[in-house]
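Below is one structure, written out as structure tokens; comments come after it.
Computed over heavy atoms, backbone and side chain alike; hydrogens, waters and symmetry mates excluded.
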Amino acid sequence: MDSDSLPPSISLQLPVIDFSNQTLKPGSSKWDEVKADVRKALEDYGCFEASFDKVSVELKKSVFEAMEELFDLPVQTKQRNVSSKPFHGYICHNLYQSLGIDDANVLVKVNDFTKQLWPDHGNKSTISETIHRFSDQLLELDVMVRRMIMESFGIEKYIDEHLKTTNYLFRMMKYTTPLDADVEETQVGLPAHTDKNIITILHQYQVDGLEVKTKDEKWIKVKPSQDSFVVMVGDSLCALLNGRLPSSYHRVMMMGNKTRYSTALFSVPKLETIIDSPEELVDEEHPRIFKPFDYKDFVHFFHTEAGHKAQSTLHAYAAL
Ligand SMILES: O=C(O)CCC(=O)C(=O)O
Ligand SMILES: [Fe+2]
């Protein structure tokens with residue numbers, strides 16, 4: 001049987017790393033300890049669960065309520081969530097719907113999004129503030145993880161330059177199964193894929209469904225938890241690191257007829273950015289694996305037939 005159609009193993013669990021320590025500052029011994037755990041977890045799984053209490057339970061609840069209100073809008077209204085960038089706006093296929101906000105850490109941009117959906121706006125600025133605050137707090141986790149990874153591979157001198165070449169896309173997802181779905185039946189919410197960006201930070205609201213694949217082709221079911229976020233390596237980070245960290249292969253499987261909500265903060269290379277691993281990561285033991293590429297062309301390739309068919313878009317597109 002093709003491993004993509006296998007059910008998840010019940011005994012496996014992702015590593016959990018604690019980011020709640022308020023004194024987690026670069027250079028501290030705690031920082032170095034967490035950095036080593038991050039590197040190990042990402043080498044082994046391409047992802048881990050971060051417990052991060054900076055985002056309060058109340059804020060998560062407000063984001064959830066905002067999502068309920070947003071997805072309850074008529075389809076024609078949701079379709080006003082458009083973007084000049086490909087696949088950044090409203091998407092709907094099968095069980096999956098998603099709304100996207102580019103530069104969600106910039107309040108004006110989040111307000112533009114809510115104004116697209118509610119032109120007379122009214123009191124919707126509270127929704128913008130909620131989404132902005134949530135993205136802004138998660139951004140701290142993204143930057144900490146990226147700094148740790150770059151330090152760990154001895155390329156921290158590039159961090160400022162690297163951070164300047166990326167921005168943040170926030171996506172809200174709703175998965176709806178048919179009301180009459182059999183409670184025992186499993187349906188594909190989102191087919192197995194790797195993300196194309198740098199880092200993805202996912203949160204699932206109460207209803208599970210996220211599964212990640214291990215190196216030996218087993219699926220791990222990620223249990224939703226109040227204060228944990230799943231941090232994943234995307235293809236662009238894998239390429240930047242000359243393949244030293246694998247990107248996470250994951251999918252969403254839906255059981256029964258529960259509606260599922262999730263959010264994702266993606267750090268994404270700006271469209272014209274060239275992804276190229278620094279010389280420090282290339283030597284005899286680690287020959288260059290990928291040709292330098294323009295992120296825009298890579299995403300474009302992903303949306304071609306060859307890109308969709310490939311088991312690894314990154315290898316099909318950029319392997320030397
Ligand atoms: O909904 C989820 O938990 C996963 C979403 C996802 O993988 C994606 O948007 O790339
Ligand atoms: Fe994904």
Side-chain angles (χ1 to χ4, degrees), residues 62-135 138 167-181 187-191 193 195-197 200-205 207 209-210 234 251-252 254 257-271 295-296 298-305 307-308 313:
S62 304
V63 171
F64 178 73
E65 286 163 2
M67 281 199 283
E68 284 188 312
E69 193 172 337
L70 284 160
F71 284 111
D72 275 347
L73 289 167
V75 173
Q76 293 89 328
T77 307
K78 289 183 277 196
Q79 281 168 341
R80 292 207 291 261
N81 172 215
V82 287
S83 165
S84 56
K85 293 186 190 171
F87 300 93
H88 273 50
Y90 179 64
I91 300 173
C92 179
H93 59 83
N94 301 331
L95 315 180
Y96 169 90
Q97 283 184 76
S98 124
L99 292 157
I101 309 173
D102 203 20
D103 291 317
N105 54 316
V106 179
L107 183 57
V108 179
K109 294 295 193 86
V110 189
N111 263 322
D112 289 347
F113 162 82
T114 46
K115 281 181 192 156
Q116 267 177 331
L117 300 185
W118 290 287
D120 57 359
H121 219 224
N123 62 355
K124 302 307 176 196
S125 54
T126 45
I127 290 195
S128 309
E129 280 155 22
T130 296
I131 293 174
H132 169 253
R133 196 141 38 92
F134 187 64
S135 305
L138 282 182
N167 76 329
Y168 291 96
L169 166 69
F170 182 65
R171 273 205 168 283
M172 294 167 275
M173 274 79 69
K174 178 179 183 181
Y175 301 78
T176 322
T177 46
L179 270 177
D180 59 355
Q187 298 186 60
V188 178
L190 199 60
H193 65 282
D195 291 351
K196 306 296 164 257
N197 54 305
T200 304
I201 303 180
L202 284 170
H203 185 67
Q204 23 183 17
Y205 287 82
V207 179
L210 179 66
R251 66 184 183 188
V252 174
M254 300 287 298
N257 54 17
K258 278 199 197 126
T259 299
R260 174 177 185 272
Y261 289 88
S262 60
T263 57
L265 185 74
F266 301 93
S267 45
V268 184
K270 292 181 182 162
L271 282 187
Y295 182 70
K296 179 167 63 50
F298 174 48
V299 173
H300 184 257
F301 172 76
F302 173 55
H303 293 294
T304 62
E305 206 186 322
H308 269 301
T313 321

Sequence neighbours excluded and cut-off under 3.5 Å, please list the side-chain donor-acceptor pairs for residues 85-94, or say none.
{"residue": "Lys85", "atom": "NZ", "partner": "Asp102", "partner atom": "OD2", "Å": "2.8"}
{"residue": "His88", "atom": "ND1", "partner": "Pro86", "partner atom": "O", "Å": "3.1"}
{"residue": "Tyr90", "atom": "OH", "partner": "Gln97", "partner atom": "OE1", "Å": "2.7"}

Scan the side chains in residues 107-115 for donor-acceptor partners under 3.5 Å anywhere in the protein, sequence neighbours excluded, and list what turns up.
{"residue": "Lys109", "atom": "NZ", "partner": "Asp103", "partner atom": "OD2", "Å": "2.9"}
{"residue": "Asn111", "atom": "OD1", "partner": "Ser128", "partner atom": "OG", "Å": "2.9"}
{"residue": "Thr114", "atom": "OG1", "partner": "Val110", "partner atom": "O", "Å": "3.4"}
{"residue": "Thr114", "atom": "OG1", "partner": "Asn111", "partner atom": "O", "Å": "3.1"}
{"residue": "Thr114", "atom": "OG1", "partner": "His121", "partner atom": "NE2", "Å": "2.9"}
{"residue": "Thr114", "atom": "OG1", "partner": "Ser128", "partner atom": "OG", "Å": "2.8"}

For residues 68-76, which side-chain N or O atoms pair as donor and acceptor with protein atoms under 3.5 Å away, sequence neighbours left out?
{"residue": "Glu69", "atom": "OE2", "partner": "Lys124", "partner atom": "NZ", "Å": "2.6"}

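Proximity of a side-chain donor or acceptor of Asn197 to a complementary backbone N or O of Ser267 within less than 3.5 Å is detected. Looking at Arg80, its side chain does come within 3.5 Å of a backbone N or O of Leu117 through a donor-acceptor pair. Side-chain atoms of His193 come within 3.5 Å of backbone N or O of Pro191 as a donor-acceptor pair.
Taking OG1 of Thr130 as the start and CE of Met67 as the end, the distance is 11.5 Å to the nearest 0.5 Å. Summarising the geometry, atom OG belonging to Ser84 is positioned 8.0 Å from atom CG belonging to Leu271; distances are rounded to the nearest 0.5 Å. Rounded to the nearest 0.5 angstrom, Tyr261 OH and Thr176 OG1 are separated by 7.0 Å. Distance check, rounded to the nearest 0.5 Å: CD of Gln204 to OH of Tyr175 gives 9.0 Å.
Contact of the Tyr205 side chain with the Thr263 side chain is registered, since non-hydrogen atoms from C-beta on lie closer than 4.5 Å. Val252 is listed as a side-chain neighbour of Arg260, based on a closest heavy-atom distance under 4.5 Å. Contact check for Trp118 versus Ile127: side-chain heavy atoms found under the 4.5 Å cut-off. Side chains of Met172 and Ile101 form a contact here, defined as non-hydrogen atoms less than 4.5 Å apart. With a 4.5 Å cut-off on side-chain heavy atoms, Val82 and Gln116 count as touching.
Residues satisfying the ring pair (Phe, Tyr, Trp, His ring centres under 6.0 Å) criterion with Phe170, sequence neighbours excluded, are Phe134. The ring pair (Phe, Tyr, Trp, His ring centres under 6.0 Å) check on Tyr295 picks up nothing, with sequence neighbours excluded.
Of all heavy-atom pairs between Gln187 and Pro178, the closest is NE2-CD, 3.7 Å. The two residues Thr304 and Phe301 have their closest heavy-atom pair at OG1-O, 2.5 Å. When all heavy atoms of Leu95 and Gly189 are compared, the closest pair comes out as CD1-CA, 4.1 Å. Here the closest non-hydrogen pair linking Thr259 and Val207 is O-CG2, 3.4 Å. When all heavy atoms of Leu265 and Ser135 are compared, the pair lying nearest together is CD2-O, 3.8 Å.
The neighbour count for His300 NE2, taken as heavy atoms of other residues, nucleotides or ligands under 6.0 Å away, does not exceed 12.
Residue pairs satisfying the salt bridge (charged side-chain N to carboxylate O under 4.0 Å, His left out) criterion with at least one member in residues 168-180, sequence neighbours excluded, are absent.
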